[in-house]
Structure formats: C-alpha cells, structure tokens
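First up is the structure itself, then whatever we jot down about it.
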Amino acid sequence: MIPRVHKRGSRTIGLLHYLYGPGTHEEHTDPHLVAAWDSLAPDPGRDAEATLKELQQLLDQPVDALPSGRRPDQHVWHLSVRAAPEDPVLTDEQWGDIARRMVAATGIAAGDDPAACRWAAVRHAEDHIHIIATTVREDGRKPRLHNDAARSQAEARLIEADYGLRRLNPGDKTAAQRPTSAERHKAERTGRTRTAREELRETVRRAVAGAANDTEFFDRLGASGLLVVRRVAPSGDLLGYKVALPEDRNKDGEPIFYAGAKLAPDLSLPRIRQRYGREGASEEATVSRGPHSGAEWPGPSQARRSATGAVWTALLVIDQDDDGAAAAQIADAGEVLDALAKTSAAHTRRELSDAAFAFERASRSHIRAERQQDRALRQAARDLVRGGPALGRGEDGAGTAMVIDMLFFLVITAAAWHAKKGHAQQAAAAQQAAEYLRAAYRNAAVAPLGVLRERGHRLAPPLQRRYGSAIREAVPDLAQRLLDEAGWPALAATLAEAEAAGHEVVPLLAEAASRRELDTAESMSDVLVWRLRRLADLPAAAGTSHRPGDVKTSTIRSQRASVPGQDGHKRDRPTSGR
C-alpha cells in the first residue's frame, strides 16, 4: 500500500472537481465518498441533490471563520492511498476504515478529537482513494502535520499487516519518484510497458554509464533520440538539463520534459559530475587518465574480460567494511549493468536490461559514496560502451557469461550489505536483479559451456580419470557430486586447457574451490569452470585467444572474499545457486 502526501493547494473546489471528474484521461469511474469527518457529509457522486460547491463550503467553514489575515494560503491537504496491483479489491467499508486510520496517523483528525480538521475520502477507482482535508481545526488552530508523509508510510505498513496485503519495504527517501496515475494510464493507453518517466530514467542512466564528461554525456543523450534542453546561466555555465521523449506530448502538442533530478536523485547534473572524478573534466584530460586512447579501446570480448576483473576487485573492496567505499562500488555496479545491457546480444538483452532496471533502486542509499577509489568499475563501464555490442558467440559470448557470473556475486553481496545496513528496499531490489542475472547467465552460458562439454567428452579416458583423481585430491568432500554433474566434462576440458598452459591442476582447483563455498550451487562444475578460466587466464571460450594481461589475476589469487551476514560476521560468499 502506497500513501502519498501531495503538494498543498489553495482551492478546495479545484481538487474536488478533479476527484469527482472524469480524470485527465477518462480513468475515473463512479466517484463517491467512502468516509468523511461527518457521516452526514454530502456526496455529490451518489446523491443527485448534493453539489461539489456544498461539500466545498462545508470543508472550508473553519477556514472561512478565521479573520482574513489568519487564513493560510495553502490550506488544502491531499493524500492518496493506493493498493498494490496484486492486492484484492477492497470494499468501500474497508477503504473508509483505511481513510480514518490515515487521517488519525497523520494528525489531520484523531478519532477522539471533536475539534479536528474536516476531511473527506473519495474513491473513483478500485485500487485507491484520495483524502482531501482543510488544515484549520474547528477551534481555529493549526493541526500538527509535521512529518505527515513518514507517518502515513508507517501506518500503511500496519494496514498491510492487518488486511493481509502485500508488505512493502520501508523507504528512506532515496528512491526515484514514482510515476503518477496519469502517467501510468497514458502508458497503458499508448501501448507502452513503462511510463515515459521510467523510459527516460533508463535511457539517461545508460548515457551516464562510463561517461567521462558533460560532452560525452550529452552526445550520448542526443544519439539516443531524446529531446534535450540544457539550462544555462547568464554567465554561460551549464547548470542542468531536462529530457523528453519525442512522442510524449501534452494536450497542446508540446513535449513533456523531465529534469534529471525528477527522474532520480543521482541523475541531476551536479550528481552526475561527481562521477567524472572532477567537475567539468575535459575530454582530453579524462581520456588521458584512462588506459585507452583513440582507437585503442578494447573490443567487446576484451571489455568483458576486463570488466570481470574490475567486478572481482569491487567485491574485495566491499568486504573491507568501509561504508563509503562500498556504497561507491555498489553505485558503479549499476553503471556496469547499464553498460552491459546496452551492449548485450539479443539472447541476453531483455534479462540484463531488467536486471539493470531493478538494480537502479539498490544503487542509492543515504551512505555517501566515496568516489576516490571507485574508478575501476566506471572504467569497465566505459570500456563496455566503447567496445561496442557483443555478437553473443565465441569469445565475447563466453566473456558475457563470465562477467554475468561475477556480477551475480556482486549483486548478491550488495543485497547482503544493504540488509546489514537496514536498507530494506535496496536489498529487495538487489535480490530481484540477481534473479534476472541468473536468467541472463543461463542464456549466455549455454553455448560456450556446450562447446566445453563436447571437448570434455572427447578427452581420452586416461585423462578423464586423471582429472577425476585431481578433483578427489583438491576437494574430497565435493568430488563425487562434481563427477556426477552433467557439467563435469566442461570442467575436465578446462582442466586440460589449464594444464596445457603450464598450470598445476590440483593447486589450481584447490584455490578455485576456496574462493567461494560451492555446496549451494545448482552446478558446482559450471561455477568452477569460470573461476578456473579467470585464475588460469584462459580465454573465456574454448579454442579462442585474447590479448595477454587484460585481466591481472595474479594480484588477487591469494585473496579470499567473504560477505557480512546479518549479524555482521564474515562468511564465505554464497555461490549463484545456478
């Protein structure tokens, strides 16, 4: 259940006309009262003799009774309360009870206060009500409405429990603004799955991913097809921006623009500039700090391999219990997801886009991100975008599976970190993103693992037995399960490649197994394949090659990451459960 305290108004009759009217797009049906300060209050929706003017005059009586100098200009208080889509349809009596609880909780009208404010609850749809009140009590005093939005949210959590409705997680005011009812109805009417606000937020986030400066950011916005207006000071300094979808127009045919800060708190221009490293960094200065320049940007496969190493490093940073550094890594993980979704092949694009869309909520909290040590992930996002779209096969297809595998661990780690900090909405969003990543991984991994399994089946029986013995020596407790899995041939083929590259198989296996517990994985062999290929610096896909040194695994081989549990103690990070 979602309550929303709206901006206060000055015209009671104006809001009543909207509540009892057809709506901006004919979406209102059967407007009527479900509760009011007085059980005899007129209902213009169900009583043919009652008028909106009559109801307005009764609501405004305490305001009009004050001397003109004491009347508040913005005296109209407005709260909407919406049920979740999966909730059952509530009766008028239930909505009336909810309205009475809300006006009591917010300070408008406690049940036992005869001098409380006047109010009325109007229902014009199955899933929500609107409460209108005037903010002058019967005794002429002002109500205590401090923190009314937070109090309405707290009461909503109690109502959800009492009515058996969907339990929403408490927020912390860092979420992006929700689409309005009018925006949702417009999206439905025009056949869109997302509102214009949501589409714009996703497009702007992808333009930000890895951007080095204002020039690159605005070039990407323009290339995306959005209408962009920059806000410029008289001095010529750029102050902000707003964007619109070309086809999203108001009744006068004008584009409907949204400022960056209205899309999400971290999409205002000042917040975006914080990601660059320093405000207003020039293209030349920014590019010169990175490892690439000009035509030396990596291709899709190299970018994915580099991103895998950057994500692993981010996991180690989060484990160090530095909240500011962890918040920065989690925020930048959102950029990597956006960049990967933007450049993904068709068979993973939808799931990766959904993962990036879900993780957006997990990328922000009240813990300030310390940006000094978070350049690796932003560079990874930049490389992914500059590297271009992946074909979804060969080395870049296998590289996609590898980086998704590691991103899954990072997203699960972010969920655990947020849960430890009490960030319920962010933790839930990260868990949802992890499920999308699980689906994306399955789509990405099927082809490269299939090739490896074929190679494993073709290994000579003596080699298969030797690698089986190596498994029993390196991980005796898990050996039989590994050998029984359908993915065992792919693991054997990877061991053969590692051995051919000069690695000792048993120590390499032991190190790979020690990096994460494996018991909960659906396919331990699949997890070990990617770990071994990273550790041994093998190409992501069998039979391909990559430039040496793209992923510097030697510096992290001896480090083992763990994730903080709910009690704050370190534990081995869970596997993907794939």
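No experiment lies behind these values; they were computed from the predicted model shown. This chain uses plain numbering: 1 for the first residue, then up along the sequence.
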Does either side chain, that of T12 or that of D60, offer a donor lying less than 3.5 Å from an acceptor on the other one?
yes
Under a 4.0 Å threshold between the charged nitrogen and the carboxylate oxygen, would R364 count as salt-bridged to E360?
yes
List the residues meeting side chain to side chain donor-acceptor pair (under 3.5 Å) with R189, not counting sequence neighbours, and say none if there are none.
H25
Give me each pair satisfying ring-ring contact (aromatic ring centres under 6.0 Å, His included) with a member in residues 73-100, each pair once, sequence neighbours excluded.
H6-H78, H78-H130
Counterpart residues, side chain to side chain donor-acceptor pair (under 3.5 Å), relative to D47 (two or more places apart)
none
Verdict with supporting geometry, R166 and E160, salt bridge (Lys or Arg N to Asp or Glu O under 4.0 Å)
CA-CA 6 Å; R166 178 188 173 190; E160 289 163 357; over 6 Å; no
Taking every heavy atom of P143 against every heavy atom of T135, the minimum-distance pair comes out as CD-O, 3.3 Å
Charged N to carboxylate O below 4.0 Å: is that the case for D338 and R205?
yes
Report yes or no: is the cationic atom of R230 (NZ for Lys, CZ for Arg) closer than 6.0 Å to the six-membered ring centre of F218, at no more than 45° off its axis?
yes
When you measure from the side chain of D396 to the backbone of L391, do you find a donor-acceptor pair of N or O atoms at a distance under 3.5 Å?
yes
Can you tell me if T400 and R304 form a side-chain donor-acceptor pair at under 3.5 Å?
yes
Heavy-atom closest pair (W37 atom, C117 atom, distance to 0.1 Å) is CB-O, 4.3 Å
